[in-house]
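Presented below is the structure to which this report refers.
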Amino acid sequence: EMFILQWIVFLTMIGVPTPGAIGGAEFSFYLIFESVIPTGAIGLVLGAWRFLSYYCQLAVGALFSYLLRETRPQ
């Protein structure tokens with residue numbers, strides 16, 4: 001069930017025309033998971049989900065890009 005709900009969130013993110021689906025991703029996550037996650041924890045879970053599914057990967061990619069820049073032959 002969680003996999004299907006997550007898949008639906010990512011499908012709805014495709015239609016959001018902002019970089020990284022900012023705003024739309026959080027809104028669709030909230031709408032889809034509000035019945036599954038307790039109301040008091042939805043904000044924390046949403047923030048952690050967004051950090052792990054987007055911002056953390058973006059930061060790791062930037063770090064690797066920086067590190068590979070230093071080792072690339074000129």
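Just so it is clear, the model here is predicted, and its values are computed rather than measured.
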Q: Could you go through the side-chain contact (heavy atoms from CB on, under 4.5 Å) check for I32 and Q6 one step at a time?
A: CA-CA 9 Å; I32 292 170; Q6 182 69 16; over 6 Å; no
Q.
Return the CD1 to OH distance between I42 and Y30, rounded to the nearest 0.5 Å.
A. 6.5 Å
(Q) Please list all pairs meeting salt bridge (Lys or Arg N to Asp or Glu O under 4.0 Å) that have one or both residues in residues 5-22, counting only residues at least two apart or in different chains. (A) none
(Q) Does any part of the side chain of M13, heavy atoms only, come nearer than 4.5 Å to the side chain of F29, both counted from C-beta? (A) no
(Q) According to side-chain hydrogen bond (donor to acceptor under 3.5 Å, both in side chains), does anything in residues 31-48 pair up with another residue at least two apart or in another chain? List the pairs. (A) none
Q: Consider only side-chain heavy atoms of I, L, V, M, F, W and Y, link residues closer than 4.5 Å, and tell whether L46 and L44 are in one cluster.
A: no
Q. Taking C-beta and beyond as the side chain, do V9 and F33 meet within less than 4.5 Å on heavy atoms?
A. yes
Q. If you look only at pairs with a residue in residues 10-20, which of them pass as a salt bridge (Lys or Arg N to Asp or Glu O under 4.0 Å), with sequence neighbours excluded?
A. none
Q | Residues clustered with V16, ILVMFWY side-chain links under 4.5 angstrom | A | none
Q. In chain order, what residues pass the side-chain contact (heavy atoms from CB on, under 4.5 Å) check against I4, with sequence neighbours excluded?
A. I8
Q.
By the side-chain hydrogen bond (donor to acceptor under 3.5 Å, both in side chains) test, which pairs, at least two apart or in different chains, include something from residues 13-23?
A. none
Q. Does anything in residues 9-20 pair up under salt bridge (Lys or Arg N to Asp or Glu O under 4.0 Å), and if so which pairs, sequence neighbours excluded?
A. none
List the atom pairs, donor and acceptor, that lie under 3.5 Å between side-chain atoms in residues 52-64 and the rest of the protein, sequence neighbours left out.
| from | atom 1 | to | atom 2 | distance (Å) |
| --- | --- | --- | --- | --- |
| S53 | OG | W49 | O | 2.8 |

Q: For residues 9-23, pull every pair meeting salt bridge (Lys or Arg N to Asp or Glu O under 4.0 Å), keeping only residues two or more places apart or in separate chains.
A: none
Name each donor-acceptor pair under 3.5 Å that joins a side chain in residues 21-28 to protein atoms two or more places apart or in another chain, with its distance.
| from | atom 1 | to | atom 2 | distance (Å) |
| --- | --- | --- | --- | --- |
| E26 | OE1 | G23 | N | 2.8 |
| E26 | OE2 | R50 | NE | 3.1 |
| S28 | OG | T12 | OG1 | 3.1 |
| S28 | OG | G24 | O | 3.1 |
| S28 | OG | A25 | O | 3.0 |

